[in-house]
Amino acid sequence: MNSGTNGAKRAESYINFDDPPEVRALLFPPTEIDRLPNDEYIHFDQDTINTFTYPSNVTRRKYQFDISKLCLRYNTLVCLPTGSGKTLIAAVVMMNFHRWFPKGKIIFMAPTRTLVNQQVEACSNFTDIKRDKIIIMTGTNASGSLRKNIWEEKSVFFCTPQIVNNDIDKKRLNPTKIVLLIIDEAHHARSNYAYTVVVRKVAARSSQFRVIGLSATPGADMISVQSVIYNLMVSKIVYLDENDPDIA
């Protein structure tokens with residue numbers, strides 16, 4: 001991970017916007033540099049891959065619907081004010097990736113246990129994912145010796161990034177099984193914060209995963225925002241504030 005950490009620091013401090021794209025692209029986490037001979041990609045489900053579902057128990061707002069579709073196709077940084085539907089968008093993406101890749105692992109990460117517990121309830125209200133497929137992992141509800149079995153048995157995980165990072169290191173979690181990372185409070189994905197480290201470790205073994213970052217305040221300046229973009233491998237950004245007509 002030395003190269004990954006150095007890359008994160010360089011993205012934080014030495015971004016040169018005058019560099020050509022092929023130079024700046026090298027700041028993204030490198031993909032599949034640690035891929036193993038027996039690593040396999042997660043196969044999609046032939047019956048569901050060409051369709052997506054959207055919750056029918058909520059009022060459909062066009063901006064939420066459109067952002068959800070964008071997130072299904074691209075690594076996206078979703079910047080919306082608090083209370084404007086970031087959790088709904090995350091739930092739509094999780095629900096569809098679970099349909100498309102039923103053997104894949106979907107991980108929603110939040111920086112604190114309190115946020116993890118809040119988000120699992122909010123997301124579950126918008127999805128049709130069976131409750132027995134979902135679990136909260138915060139380090140207090142499952143010992144290390146049991147977590148390997150939990151990673152294998154469950155499909156959707158709500159946890160802190162430190163749990164994911166530690167379990168990849170200890171080989172309890174196979175990063176090639178991960179098809180979706182939802183990252184709450186994504187503005188923390190700078191320098192060597194656990195979000196950054198997790199994305200680099202997953203990318204080092206597989207290029208077949210989606211990243212969705214959620215934040216109301218993506219950064220104080222361009223360098224901060226660009227660091228998040230590089231560290232989370234973001235290719236699309238959605239930014240709406242309180243003055244946007246859709247939000248208002």
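Hydrogens, waters and symmetry mates are skipped; everything else that's a heavy atom, side chains included, is used.
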Quick check: do [X] and [Y] have side-chain heavy atoms less than 4.5 Å from each other?
{"X": "Ile183", "Y": "Leu214", "answer": "no"}
{"X": "Pro175", "Y": "Lys201", "answer": "no"}
{"X": "Leu173", "Y": "Ile107", "answer": "yes"}
{"X": "His187", "Y": "Tyr195", "answer": "no"}
{"X": "Ile135", "Y": "Ile150", "answer": "yes"}
{"X": "Thr76", "Y": "Ile237", "answer": "no"}
{"X": "Pro55", "Y": "Thr127", "answer": "no"}
{"X": "Met233", "Y": "Thr31", "answer": "yes"}

Provide the closest heavy-atom pair for [X] versus [Y] in the form atom of the first, atom of the second, distance.
{"X": "Lys154", "Y": "Lys105", "answer": "O-NZ, 2.7 Å"}
{"X": "Met109", "Y": "Leu181", "answer": "CE-CD2, 4.1 Å"}
{"X": "Ser215", "Y": "Ala186", "answer": "CB-N, 4.0 Å"}
{"X": "Ala194", "Y": "Pro161", "answer": "CB-CB, 3.6 Å"}
{"X": "Asn231", "Y": "Arg200", "answer": "OD1-NH2, 3.9 Å"}
{"X": "Leu180", "Y": "Met94", "answer": "CD2-CA, 3.7 Å"}

In Å, rounded to the nearest 0.5 Å, how long is the span from [atom1] of [X] to [atom2] of [Y]?
{"X": "Arg73", "Y": "Ser235", "atom1": "CZ", "atom2": "OG", "result": "10.0 Å"}
{"X": "Lys133", "Y": "Lys130", "atom1": "NZ", "atom2": "NZ", "result": "7.5 Å"}
{"X": "Ile229", "Y": "Leu77", "atom1": "CD1", "atom2": "CG", "result": "6.5 Å"}
{"X": "Leu36", "Y": "Glu40", "atom1": "CG", "atom2": "CD", "result": "11.5 Å"}
{"X": "Asn174", "Y": "Ser206", "atom1": "CG", "atom2": "OG", "result": "9.0 Å"}
{"X": "Asn125", "Y": "Leu88", "atom1": "CG", "atom2": "CG", "result": "11.0 Å"}

Listing, residues 239-248 side-chain donor-acceptor contacts under 3.5 Å, not counting sequence neighbours, or none:
unit_1	atom_1	unit_2	atom_2	d
Asp241	OD1	Asn243	N	3.0
Asp241	OD1	Asp244	N	3.2
Asp244	OD1	Asp246	N	2.9

Would you say [X]'s side chain and [Y]'s backbone share a donor-acceptor pair under 3.5 angstrom?
{"X": "Thr196", "Y": "Asn192", "answer": "no"}
{"X": "Asp39", "Y": "Arg35", "answer": "no"}
{"X": "Asp45", "Y": "Lys103", "answer": "no"}
{"X": "Lys177", "Y": "Glu152", "answer": "no"}
{"X": "Ser191", "Y": "Tyr193", "answer": "no"}

Establish whether [X] and [Y] are linked, either directly or via other cluster members, by ILVMFWY side-chain heavy-atom contacts under 4.5 Å.
{"X": "Ile89", "Y": "Met95", "result": "no"}
{"X": "Ile67", "Y": "Tyr74", "result": "yes"}
{"X": "Tyr41", "Y": "Trp100", "result": "no"}

Can you tell me which residue among Gln162, Lys148, Arg172 is in a side-chain hydrogen bond (donor to acceptor under 3.5 Å, both in side chains) with Asp167?
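So, applying the side-chain hydrogen bond (donor to acceptor under 3.5 Å, both in side chains) to Asp167 and each of Gln162, Lys148, Arg172, only Arg172 qualifies.
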Show your reasoning for whether side-chain contact (heavy atoms from CB on, under 4.5 Å) applies to Ser84 and Tyr63.
CA-CA 10 Å; Ser84 56; Tyr63 77 92; 3.7 Å; yes
Taking only residues two or more places apart in sequence, or in another chain, which ones meet Arg99 in a salt bridge (charged side-chain N to carboxylate O under 4.0 Å, His left out)?
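Checked Arg99 against salt bridge (charged side-chain N to carboxylate O under 4.0 Å, His left out); zero matches.
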Does the gap between the ring centers of Phe157 and Phe108 come in under 6.0 Å?
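Not under 6.0 Å, so no.
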Applying side-chain hydrogen bond (donor to acceptor under 3.5 Å, both in side chains), run through Thr87 and Gln119 and close with a yes or a no.
CA-CA 7 Å; Thr87 301; Gln119 292 291 15; 3.1 Å; yes
Suppose we screen for side chain to side chain donor-acceptor pair (under 3.5 Å). Which residues come up paired with Asn75, at least two apart in sequence or across chains?
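Testing Asn75 for side chain to side chain donor-acceptor pair (under 3.5 Å), a comparison that skips the adjacent residues, returns Arg210.
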When you look at Ser124 and Ile134, which way does the side-chain contact (heavy atoms from CB on, under 4.5 Å) test go after all the steps?
CA-CA 9 Å; Ser124 297; Ile134 302 172; 4.0 Å; yes
Residues Phe97, Leu72; criterion side-chain contact (heavy atoms from CB on, under 4.5 Å); working and verdict:
CA-CA 8 Å; Phe97 268 75; Leu72 295 174; 4.2 Å; yes
So, applying side-chain contact (heavy atoms from CB on, under 4.5 Å) with Thr160, which one of Leu115, Val116, Thr112 is it?
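Of the listed options, the one satisfying the test is Val116.
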Take the angle between the ring planes of Tyr230 and Phe28 and call it parallel below 30°, perpendicular above 60°, tilted in between.
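Perpendicular, since the angle between the ring planes exceeds 60°.
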Can Asn117 and Glu121 be said to form a side-chain contact (heavy atoms from CB on, under 4.5 Å), step by step?
CA-CA 7 Å; Asn117 289 317; Glu121 289 302 321; over 6 Å; no
